[in-house]
Amino acid sequence: MSTVIPPGRAPGTATPAKSAAASGTRLAVRRFLRNRLAVVGLGVLVFFVLFCFAGPLVYSTDQTHTLLHQVNLAPSGAHWLGTDAVGHDELGRLMYGGKVSLIVGLAAGVLATVIGTLWGAAAGYAGGWIDAVMMRVVDAGIAIPALFILLVVSAITTPDLGGLVIILGFVSWLVPSRLVRAETLTLKNRDYILTLRAIGGTHARAITRHILPNSVSTIVVAATFQIADAILLVAYVSYLGLGVQPPATDWGGMLSAGLTAAYSGYWWLILPPGLAIILVVWAFNAIGDGLRDAFDVRGRG
């Protein structure tokens with residue numbers, strides 16, 4: 001059976017919808033690349049990902065055993081960033097701790113974005129009293145500082161990495177839910193949504209096939225900021241001694257361990273992890289700003 005080709009369209013030519021989507025993606029990429037700070041932020045993030053995950057393959061160190069014969073050594077050719085109070089190589093520790101911080105931050109940020117996206121989309125689409133009740137839950141949660149909740153939970157139990165990700169995800173989803181709800185309120189009355197409902201389409205199909213795909217720019221931007229916030233929250237609780245437990249560590253734990261030693265002049269125990277936290281959080285925020293500008297239709301010329 002032969003295929004009927006619409007007049008004026010050559011075989012293999014993309015449909016107008018697909019062409020428009022591809023054109024919009026290319027335009028967003030070009031706008032992102034024109035944002036110098038966003039590109040620098042992306043470069044910084046790529047560097048730290050390679051540093052933390054590929055670095056230990058090149059620069060192998062012992063981060064488990066106590067090595068009392070090389071305690072608090074200054075930076076040298078043998079130990080590029082010196083050693084800490086138990087003899088661990090500080091450069092290797094920075095890689096190991098960064099891997100934990102990035103994994104927990106990424107996982108918690110993604111989990112928070114997923115929860116917030118589903119909650120906000122459901123609230124905005126349902127409307128009425130359901131929306132009111134769901135958003136009052138969000139308002140009540142925002143009124144309680146996330147750090148306070150983390151400290152209370154960490155004081156009650158000692159979470160492992162998986163538990164820390166879950167806790168961070170469940171205290172960080174509130175802001176994404178408000179953003180996605182606002183986007184859903186503007187989308188649910190569009191003609192294609194009303195047409196779908198008129199022909200008997202389900203609410204789940206309207207949300208998953210139309211509202212969420214058209215909210216992807218908001219979701220992606222929210223995710224970058226949530227990851228940055230999660231990395232900071234991990235650093236906060238670890239700095240207070242309530243994060244991942246030894247021999248595991250992260251950048252916040254390294255700051256906490258190096259604080260007292262810094263008063264003795266061991267600057268290499270506190271400056272590297274502090275700078276790493278600042279740079280990675282700034283990188284995610286710069287990428288988020290770049291993505292927001294790239295997806296902003298109103299700013300396109």
Practice problem: Verify side chain to side chain contact (heavy atoms under 4.5 Å, CB included) between L81 and L269, making sure each step is shown before the conclusion. | Solution: CA-CA 8 Å; L81 287 181; L269 299 182; over 6 Å; no
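- At least one donor-acceptor pair under 3.5 Å links the side chain of T186 to the backbone N or O of E183.
- Atom OG in S238 sits 10.5 Å away from atom CG in L233 (nearest 0.5 Å).
- For H69, the NE2 atom is densely surrounded, since the number of other residues' heavy atoms within 6.0 Å is greater than 12.
- The two residues T61 and Q63 have their closest heavy-atom pair at OG1-NE2, 2.9 Å.
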Quiz item: Under the side chain to side chain contact (heavy atoms under 4.5 Å, CB included) criterion, do D131 and R181 qualify, and how do the steps go?
Solution: CA-CA 9 Å; D131 179 34; R181 171 186 176 268; 2.8 Å; yes
Self-check item: Pair V71-V86, side chain to side chain contact (heavy atoms under 4.5 Å, CB included): steps then yes or no
Solution: CA-CA 6 Å; V71 171; V86 293; 5.9 Å; no
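- Within the 3.5 Å criterion, the main-chain N or O of I231 finds no donor-acceptor partner in the side chain of S101.
- For the pair I193 and L187, the tightest heavy-atom approach, listed with the atom from each and the gap, is CG1-O, 3.4 Å.
- Judged by distance alone, the side chain of W268 and the main-chain N or O of A74 form no donor-acceptor pair under 3.5 Å.
- Once rounded to the nearest 0.5 Å, the distance linking CD1 of I167 with CD1 of I149 reads 10.5 Å.
- Within the 4.5 Å cutoff, the side chain of M95 has heavy atoms near those of the L91 side chain.
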Practice problem: Tell me, with the steps shown, if T249 and V100 meet side chain to side chain contact (heavy atoms under 4.5 Å, CB included). | Solution: CA-CA 7 Å; T249 190; V100 174; over 6 Å; no
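- Annotation: side chain of I103 is not in contact with side chain of L161 (no heavy-atom distance under 4.5 Å).
- Interatomic distance, I219 CD1 to N214 CG, rounded to the nearest 0.5 Å: 10.0 Å.
- In the hydrophobic cluster analysis, where Ile, Leu, Val, Met, Phe, Trp and Tyr join through side-chain heavy atoms closer than 4.5 angstrom, W251 is grouped together with I270.
- Side-chain atoms of F225 and V175, non-hydrogen and from C-beta on, never get closer than 4.5 Å to each other.
- Neither Y96 nor F51 shares a network with the other; the hydrophobic side chains, linked directly or stepwise wherever heavy atoms of I, L, V, M, F, W or Y lie under 4.5 Å apart, form separate groups for each.
- Evaluated for a side chain to side chain contact (heavy atoms under 4.5 Å, CB included) with F170, the options I166, L168, L174 yield exactly one hit, I166.
- No side-chain donor-acceptor contact under 3.5 Å links T224 to the backbone of I287.
- Salt bridge present: D139 and R178 bring a charged side-chain N and a carboxylate O closer than 4.0 Å.
- Both M135 and I130 are assigned to one and the same hydrophobic cluster, defined by single-linkage of ILVMFWY side chains at heavy-atom distances under 4.5 Å.
- Between D250 and K99 there is no salt bridge, since none of the side-chain N atoms of the basic residue sits less than 4.0 Å from a carboxylate O of the acidic one.
- The line from CD1 of I199 to CG of L194 is 11.5 Å long, rounded to the nearest 0.5 Å.
- Nearest heavy atom pair, residue D289 against residue R292, reads OD1-NH2, 2.7 Å.
- Residues A230 and G105 share a closest heavy-atom pair of CB-O, 3.6 Å.
- Under a hydrophobic clustering in which Ile, Leu, Val, Met, Phe, Trp and Tyr are joined whenever their side-chain heavy atoms come within less than 4.5 Å, directly or via other members, V104 and V110 fall into different clusters.
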Practice problem: Let me see the working for D84 and Y266 under side chain to side chain donor-acceptor pair (under 3.5 Å), right down to the final yes or no. | Solution: CA-CA 9 Å; D84 63 11; Y266 303 145; over 6 Å; no
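- Annotation: the span from D89 atom CG to L67 atom CG amounts to 10.0 Å, rounded to 0.5 Å.
- A distance-only check finds a donor-acceptor pair linking the side chain of T117 to the backbone of T113 [under 3.5 Å].
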List the atom pairs, with distances to 0.1 Å, where a side-chain N or O of residues 118-127 and a protein N or O form a donor-acceptor pair under 3.5 Å, not counting sequence neighbours.
from, atom 1, to, atom 2, distance (Å)
W119, NE1, M134, O, 3.3
Y125, OH, H203, ND1, 3.0

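- Shown here for T208 and P213, the closest heavy-atom pair between the two residues is O-CD, 3.3 Å.
- Residues L255 and P273 come closest through the heavy atom pair CD2-CG, 4.1 Å.
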Please tabulate, for side-chain N and O atoms in residues 36-49, each donor-acceptor pair with protein atoms closer than 3.5 Å (sequence neighbours left out).
none

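- Rounding to the nearest 0.5 Å gives a distance of 13.5 Å between OG1 of T184 and NE2 of H210.
- Placement of V137 and L185 in two distinct hydrophobic clusters is found when ILVMFWY residues are connected by side-chain heavy-atom separations under 4.5 Å, directly or transitively.
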